[in-house]
Undergrad: 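The following block contains the structure, expressed as structure tokens.
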There are 2 protein chains.
Amino acid sequence: MPDNPPHVVLAVVLQVRDGLLQTLLWRRGRDPQLGAHALPGGYLDRGETLELSIRRHLAAKVDIRELSHLEQLITRSESEQKLGEWQVATAYLGLIPSGLDPAIPSDTSWHSVDDLPKMAFDHESMIQAAHQRLQAKLSYTNIGFALAPETFTISELRDLYAIALGHEVSATNLQRVLLRRELLEPTGERREPGPTGGRPAALFRFGSHRLSITDQFAALRPPGK
Amino acid sequence: MPDNPPHVVLAVVLQVRDGLLQTLLWRRGRDPQLGAHALPGGYLDRGETLELSIRRHLAAKVDIRELSHLEQLITRSESEQKLGEWQVATAYLGLIPSGLDPAIPSDTSWHSVDDLPKMAFDHESMIQAAHQRLQAKLSYTNIGFALAPETFTISELRDLYAIALGHEVSATNLQRVLLRRELLEPTGERREPGPTGGRPAALFRFGSHRLSITDQFAALRPPGK
DNA sequence: GCAAAAGTGTTGTGTCTACACCCATGT
DNA sequence: ACATGGGTGTAGACACAACACTTTTGC
């Protein structure tokens with residue numbers, strides 16, 4: 001056993017795809033746990049910074065210019081140790097806006113957060129931690145910008161929030177909350193109605209694409225019983 | 001340079017002492033930065049877990065049975081690297097209830113968070129991060145249990161909150177918020193008034209000493225202008 | 001009685017949810 | 001006209017801050 005632990009950097013990359021909150025998983029091509037699903041990532045290189053390291057490893061899987069947000073989640077040493085490998089792992093949360101479809105290599109695929117395959121190590125609990133962090137931040141920050149495309153209608157945004165939060169969200173109230181907090185600005189454009197008609201929806205965009213705490217007050221709770 | 005980075009584990013230990021929020025600093029007895037003030041901690045041992053490691057290092061400074069709370073804060077690789085030492089550091093936030101006065105070694109001392117000496121590395125920003133985390137959690141969790149002694153009056157608790165938050169807190173409203181959230185329970189006992197008189201204060205205690213999120217809603221904001 | 005400290009009553013404000021209602025478009 | 005989806009008006013619940021007022025003690 002070496003004097004210092006190998007340091008692994010991982011990312012839970014989340015995106016709303018096909019109506020589900022999905023995460024990018026890599027099918028391990030090497031021991032240990034060959035064939036099991038794991039979070040993308042790899043070893044910290046000599047002299048490298050944690051954030052640059054995870055960006056480097058992710059670059060092998062997706063176009064990281066499409067990453068709309070990246071933040072550190074947690075650092076763990078526990079479970080790897082049980083496997084006889086003394087090792088430290090730092091997990092990041094990454095987000096990709098809905099609507100993009102980055103090219104990914106064949107050993108990598110998207111999986112619904114609610115229907116994960118058998119995961120290597122304790123990566124499943126890291127995905128849960130990432131999901132909880134996203135849910136919490138949707139309530140008191142402007143992090144919605146990182147899930148949404150550049151412009152969108154309130155209905156589309158409502159769907160993104162509902163999928164990420166895991167419960168129904170009212171378009172009416174979502175609009176009120178985000179406008180009151182001055183996070184959303186109208187583009188002035190409208191979306192053409194579909195073949196079935198309906199009033200054309202106004203297009204909005206997030207005023208800022210930098211994370212900020214917008215309200216200590218929680219909103220968007222699950223509908224009352 | 002070795003194949004793997006040395007992993008350092010640090011703790012920002014906070015306690016309300018003498019009317020100030022203070023942190024435990026260690027005066028470095030070795031290079032680099034000999035003589036500068038630094039957070040207590042040390043290297044991760046072979047096969048050791050992060051949390052056990054910080055507990056082990058802290059045990060050399062204080063009686064860790066007096067630690068009322070310990071949580072992971074952040075892991076950094078950046079700044080140490082600038083000094084030519086490729087190194088990763090994980091910082092923890094630790095809390096000690098007010099009123100205790102743990103024995104500490106002579107190379108260690110308490111310093112007000114608002115009046116820090118010249119700090120080694122980027123430890124000052126870690127203390128700021130710890131302080132901000134504590135302030136935020138005072139609003140939406142029951143973390144007050146970790147700052148307060150076993151039993152206390154509302155006035156005493158008000159002072160602790162005011163010191164940790166850095167702004168005035170109303171005893172009236174603090175009591176209402178914490179009772180509404182059912183965090184406080186009366187012990188049934190009373191504190192004798194001082195020589196100057198006054199109605200005897202009821203003693204309370206926190207119902208739970210495990211961290212839980214009690215409200216997504218922020219309270220205890222600074223008094224309005 | 002009077003000062004001091006603790007605790008309660010009450011009012012107003014702001015944020016949120018829920019739901020009724022109105023608006024703009026396609027067929 | 002009517003269905004469809006977008007958007008506004010309004011009322012009620014709740015948490016909170018602020019402050020007046022009452023209670024209980026020592027002197």
Side-chain angles (χ1 to χ4, degrees), chain A residues 138-142 144 151-162 165 167-204 213-225, chain B residues 138-142 144 151-162 165 167-204 213-225:
Chain A
L138 282 171
S139 280
Y140 68 93
T141 74
N142 63 345
T151 66
F152 45 82
T153 68
I154 298 293
S155 292
E156 290 161 0
L157 190 64
R158 183 259 319 264
D159 291 340
L160 295 178
Y161 271 70
L165 288 170
H167 62 76
E168 300 269 295
V169 172
S170 145
T172 297
N173 293 332
L174 179 64
Q175 181 179 31
R176 293 241 168 95
V177 168
L178 297 183
L179 283 177
R180 181 168 38 227
R181 296 181 180 179
E182 300 184 316
L183 302 187
L184 250 37
E185 47 191 44
T187 65
E189 292 173 27
R190 310 189 149 273
R191 170 144 307 165
E192 295 306 312
T196 145
R199 174 170 167 176
L203 287 175
F204 291 83
I213 294 176
T214 58
D215 207 317
Q216 282 83 339
F217 293 87
L220 311 175
R221 285 173 289 190
K225 48 190 173 324
Chain B
L138 282 171
S139 281
Y140 69 91
T141 74
N142 64 343
T151 66
F152 45 81
T153 68
I154 297 294
S155 291
E156 291 161 359
L157 191 63
R158 183 260 317 264
D159 292 341
L160 295 178
Y161 271 71
L165 288 171
H167 63 75
E168 300 269 297
V169 172
S170 146
T172 297
N173 293 332
L174 179 65
Q175 182 179 32
R176 294 240 168 91
V177 168
L178 297 184
L179 284 177
R180 181 168 40 228
R181 296 181 181 180
E182 299 184 317
L183 302 188
L184 250 38
E185 47 190 44
T187 66
E189 293 173 26
R190 311 190 147 274
R191 170 143 306 164
E192 295 306 313
T196 144
R199 175 170 168 175
L203 288 175
F204 290 84
I213 293 175
T214 58
D215 207 318
Q216 283 80 340
F217 293 85
L220 310 174
R221 285 173 290 191
K225 46 189 173 324

Undergrad: Among residues at least two apart in sequence or on other chains, which ones pass side-chain contact (heavy atoms from CB on, under 4.5 Å) with B/Ala171?
TA: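 In terms of side-chain contact (heavy atoms from CB on, under 4.5 Å), with neighbours along the sequence ignored, B/Ala171 is linked to B/Ile154, B/Arg158.
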Undergrad: Does a nitrogen or oxygen in the side chain of A/Arg180 sit under 4.0 Å from OP1 or OP2 of C/dC16?
TA: yes
Undergrad: Apply side-chain contact (heavy atoms from CB on, under 4.5 Å) to residues A/Leu184 and A/Phe152 and explain how you reach the verdict.
TA: CA-CA 10 Å; A/Leu184 250 37; A/Phe152 45 82; 4.0 Å; yes
Undergrad: Once you round it to whole Å, what is the distance between C1' of C/dT17 and CD of A/Gln175?
TA: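 Checked: the CD to C1' distance equals 15 Å.
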Undergrad: In whole angstrom, what separates B/Phe152's CZ from C/dA5's P?
TA: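 My rounded result for the distance is 21 Å.
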Undergrad: Show, in sequence, the C-alpha distance, side-chain angles and deciding distance for A/Phe204 and A/Thr151, and conclude whether the side-chain contact (heavy atoms from CB on, under 4.5 Å) test is met.
TA: CA-CA 5 Å; A/Phe204 291 83; A/Thr151 66; over 6 Å; no
Undergrad: Take the C1' atoms of the five end pairs on each side of the helix from C/dG1-D/dC27 to C/dT27-D/dA1, derive the two axes, and give their angle rounded to 10 degrees.
TA: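 Taking the rotation axis at each end, their angle is 30°.
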Undergrad: If you only use heavy atoms from C-beta on, which nucleotide in D/dG7, D/dC16, C/dG7 is closest to the side chain of B/Arg181?
TA: D/dC16
Undergrad: Return the nearest nucleotide to the side chain of B/Ala202; candidates are D/dT10, C/dC16, C/dG7.
TA: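 Among the listed nucleotides, the one closest to the side chain of B/Ala202 is C/dG7.
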Undergrad: Just how far, in rounded Å, is P of C/dA6 from CG of B/Leu179?
TA: 16 Å
Undergrad: Take atom CZ of A/Arg158 and atom P of D/dG6, then tell me their distance rounded to the nearest Å.
TA: 7 Å
Undergrad: Nearest-Å distance, CD1 (B/Ile154) to P (D/dT23)?
TA: 20 Å
Undergrad: Using nucleotides 25-27 of chain C, report all nitrogen or oxygen pairs with the protein that are shorter than 3.5 Å.
TA:
| residue | atom | partner | partner atom | Å |
| --- | --- | --- | --- | --- |
| C/dT25 | O2 | A/Gly198 | N | 2.9 |
| C/dG26 | O3' | A/Pro195 | O | 2.9 |
| C/dT27 | OP1 | A/Pro195 | O | 3.1 |

Undergrad: Nearest to the A/Val177 side chain among D/dC19, C/dC16, D/dT8, which nucleotide is it?
TA: C/dC16
Undergrad: Rounded to the Å, how far apart are B/Arg191 CZ and D/dG26 C1'?
TA: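 Taking CZ of B/Arg191 and C1' of D/dG26, I get 17 Å after rounding.
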Undergrad: Indicate every side-chain donor-acceptor pair of residues 190-201 of chain A with a distance under 3.5 Å to a residue at least two apart or in another chain.
TA:
| residue | atom | partner | partner atom | Å |
| --- | --- | --- | --- | --- |
| A/Arg190 | NH1 | A/Pro200 | O | 3.2 |
| A/Arg191 | NH1 | A/Glu156 | OE1 | 3.1 |
| A/Arg191 | NH1 | A/Glu156 | OE2 | 2.2 |

Undergrad: Could you check whether A/Thr153 gets within reach of a base, just the sugar-phosphate, or nothing at all, counting any heavy atom under 4.0 Å?
TA: nothing
Undergrad: For a quick test of reading the model, state the closest non-hydrogen atom pair linking B/Leu183 to B/Thr214 and the distance between them.
TA: CD2-CG2, 3.4 Å
Undergrad: Got a donor-acceptor contact below 3.5 angstrom from the B/Thr187 side chain to the B/Leu203 backbone?
TA: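 Such a contact is found between B/Thr187 side chain and B/Leu203 backbone.
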Undergrad: Can you find a heavy atom in the side chain of B/Val169 that is under 4.5 Å from one in the side chain of B/Leu157?
TA: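 B/Val169 does not reach B/Leu157 side chain to side chain.
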Undergrad: Give the nucleotide from the list D/dG6, C/dA18, C/dG7 with an atom nearest to the side chain of A/Arg176.
TA: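 Per side-chain heavy atoms of A/Arg176, the pick is C/dA18.
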Undergrad: Suppose we screen for salt bridge (Lys or Arg N to Asp or Glu O under 4.0 Å). Which residues come up paired with B/Glu189, at least two apart in sequence or across chains?
TA: none
Undergrad: Rounded to whole Å, please give me the gap between CG in A/Leu174 and C1' in C/dC16.
TA: 13 Å
Undergrad: Side chain of A/Ser155 only, heavy atoms from C-beta on: which candidate in C/dT10, D/dG6, D/dA17 is closest?
TA: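 Shortest atom-to-atom distance from the side chain points to D/dG6.
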Undergrad: Using side-chain contact (heavy atoms from CB on, under 4.5 Å), reason through A/Leu178 and A/Tyr161 one step at a time and then give a plain yes or no.
TA: CA-CA 12 Å; A/Leu178 297 183; A/Tyr161 271 70; 3.9 Å; yes
Undergrad: Measure the distance from CG on B/Asn173 to P on C/dG7 and round it to the nearest whole Å.
TA: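 After rounding, the reported distance stands at 14 Å.
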Undergrad: The criterion is salt bridge (Lys or Arg N to Asp or Glu O under 4.0 Å); which residues satisfy it with A/Glu182, sequence neighbours excluded?
TA: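 Per chain and number, A/Glu182 pairs via salt bridge (Lys or Arg N to Asp or Glu O under 4.0 Å) with no residue.
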